[in-house]
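Numbering of residues begins at 1 and proceeds along the displayed sequence.
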Amino acid sequence: LQYGFVLLGLALVGGFFFVRFIRTPSGRMTYDQAMLGIPYISTLFKKLYLSRFADNMNTMLISGIPMVRALELTSTVINNKVYENILATAVEEVTGGRTLSESLSSNPHEIPGIMVQMMKVGEETGEVGSILKTMSRFYTREVTTAVDSLVSLIEPLMIVMLGGGVAVLLASVLIPIYNIASSQ
C-alpha cells in the first residue's frame, strides 16, 4: 500500500513536469513531432490536421480573405507546431511568389501528394476554395472512419479487461469465504 502512494506521487509529479514541458515552445514541438511519429495514431492525427487545414482555408478563401492572410490564420487553428511551421514557411513562399501547391510539396511526409495535386488543379482553374471543400470532406470522412476502426479494435480489449477486473474482484471476495468455510 505504501509503494502505491509513492508510485501515485511520482506519477503526479511526472505529469506536472510533463505538462510544464509541453507548454514551452520546444516541448510542444517535441510532443507534436512524437505524436506524428506513432504508428497508426499518426495517420489519424495527420488526417485530422489536413481536414482542419482544408476546412479553414476553404471558409476563408470563399469569404474573400486573401491567401496569405488565410494561411496565417489557419496556422493558428491547426494546433500542431509541425503544421504551423509548414504553413509559416508557406506564407513566406507564397508572399515571395511561389504557388501554395509548390510550397506544400516540399513536405511530403506531412502533406500527401494527392492534396498537393488537388491544390495545383485548384490554382490552375481558379477553384481553390471548392477543391479545399472537397478535400475537407474527404479527410473528415477519413478521420471518422479511422476513429470508428480504432474504437472497434479497442472495444474487445476493454471487455476482456472488464471481465478480468470482475474475476479478480470476485476471487478476492470468494477465496477468503471458501478458506474460512473449509477450515471449520
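- The closest side-chain heavy-atom distance from Leu104 to Ile86 is below 4.5 Å.
- Using a 4.5 Å cut-off on side-chain heavy atoms (C-beta onward), Leu150 and Tyr40 make no contact.
- Inspection of the Glu84 and Ser75 side chains reveals no N or O donor paired with an N or O acceptor under 3.5 Å.
- Residues Met115 and Tyr139 have side chains in contact (heavy-atom distance under 4.5 Å, counting atoms from C-beta outward).
- Put simply, the side chain of Arg52 gets close to the backbone of Ile78: a donor and an acceptor are under 3.5 Å apart.
- Nearest heavy atoms, Ser63 versus Thr59: OG-O, 2.7 Å.
- If you chain together hydrophobic residues whose side chains sit under 4.5 Å apart, Ile38 and Phe21 never meet in one group.
- When atom types are taken as modelled, the side chain of Ser105 and the backbone of Glu102 share a donor-acceptor pair closer than 3.5 angstrom.
- When all heavy atoms of Ala171 and Pro176 are compared, the closest pair comes out as O-CD, 3.9 Å.
- Nearest heavy atom pair, residue Ile131 against residue Met119, reads CG2-N, 4.2 Å.
- Following chains of ILVMFWY side-chain contacts shorter than 4.5 Å, one cannot reach Val128 starting from Val121, and the two form parts of different hydrophobic clusters.
- Tracing side-chain contacts under 4.5 Å through hydrophobic residues (I, L, V, M, F, W, Y), one reaches Leu71 starting from Val68; they form part of the same cluster.
- No donor-acceptor distance shorter than 3.5 angstrom exists from the side chain of Ser42 to the backbone of Pro39, with no hydrogens or angles considered.
- Using a cut-off of 4.0 Å between Lys/Arg side-chain N and Asp/Glu carboxylate O, Glu123 and Lys120 are scored as not salt-bridged.
- Under the 4.5 Å side-chain contact rule for hydrophobic residues, Val13 and Phe16 share a cluster.
- Panel note: side chain Asp32, backbone Lys81; a donor-acceptor pair is recorded below 3.5 Å.
- Cluster membership for Phe45 and Ile154, using ILVMFWY side-chain heavy atoms within less than 4.5 angstrom, is shared.
- The two residues Pro156 and Ser152 make their nearest non-hydrogen contact at CD-O, 3.1 Å.
- Inter-residue side-chain proximity for Asp55 and Arg137 is flagged as unmet; no heavy-atom pair is nearer than 4.5 Å.
- Looking only at side-chain heavy atoms (C-beta outward), Ile111 and Phe53 stay at 4.5 Å or farther from each other.
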Between Ser136 and Asn58, does the side-chain contact (heavy atoms from CB on, under 4.5 Å) criterion hold? Intermediate values first, please.
CA-CA 8 Å; Ser136 172; Asn58 166 46; 5.7 Å; no

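- Inter-residue side-chain proximity for Leu50 and Phe138 is flagged as unmet; no heavy-atom pair is nearer than 4.5 Å.
- Remark: the backbone N or O of Lys47 is not paired with any side-chain donor or acceptor of Ser51 at under 3.5 angstrom.
- The shortest distance between side-chain heavy atoms of Leu157 and Leu153 does not fall below 4.5 Å.
- Taking the side chain as every heavy atom from C-beta outward, Asn80 and Leu36 approach each other to under 4.5 Å.
- Thr95 contributes a side-chain N or O that, together with a main-chain N or O of Val91, makes up a donor-acceptor pair within less than 3.5 Å.
- Within the 3.5 Å criterion, the main-chain N or O of Ser130 finds a donor-acceptor partner in the side chain of Thr134.
- Ring geometry, Phe18 versus Tyr31: the interplanar angle exceeds 60°, so the pair is classed perpendicular (tilted spans 30 to 60°).
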Asn85 vs Met29, side-chain contact (heavy atoms from CB on, under 4.5 Å): CA-CA, chis, key distance, verdict
CA-CA 10 Å; Asn85 290 344; Met29 179 61 109; 2.5 Å; yes

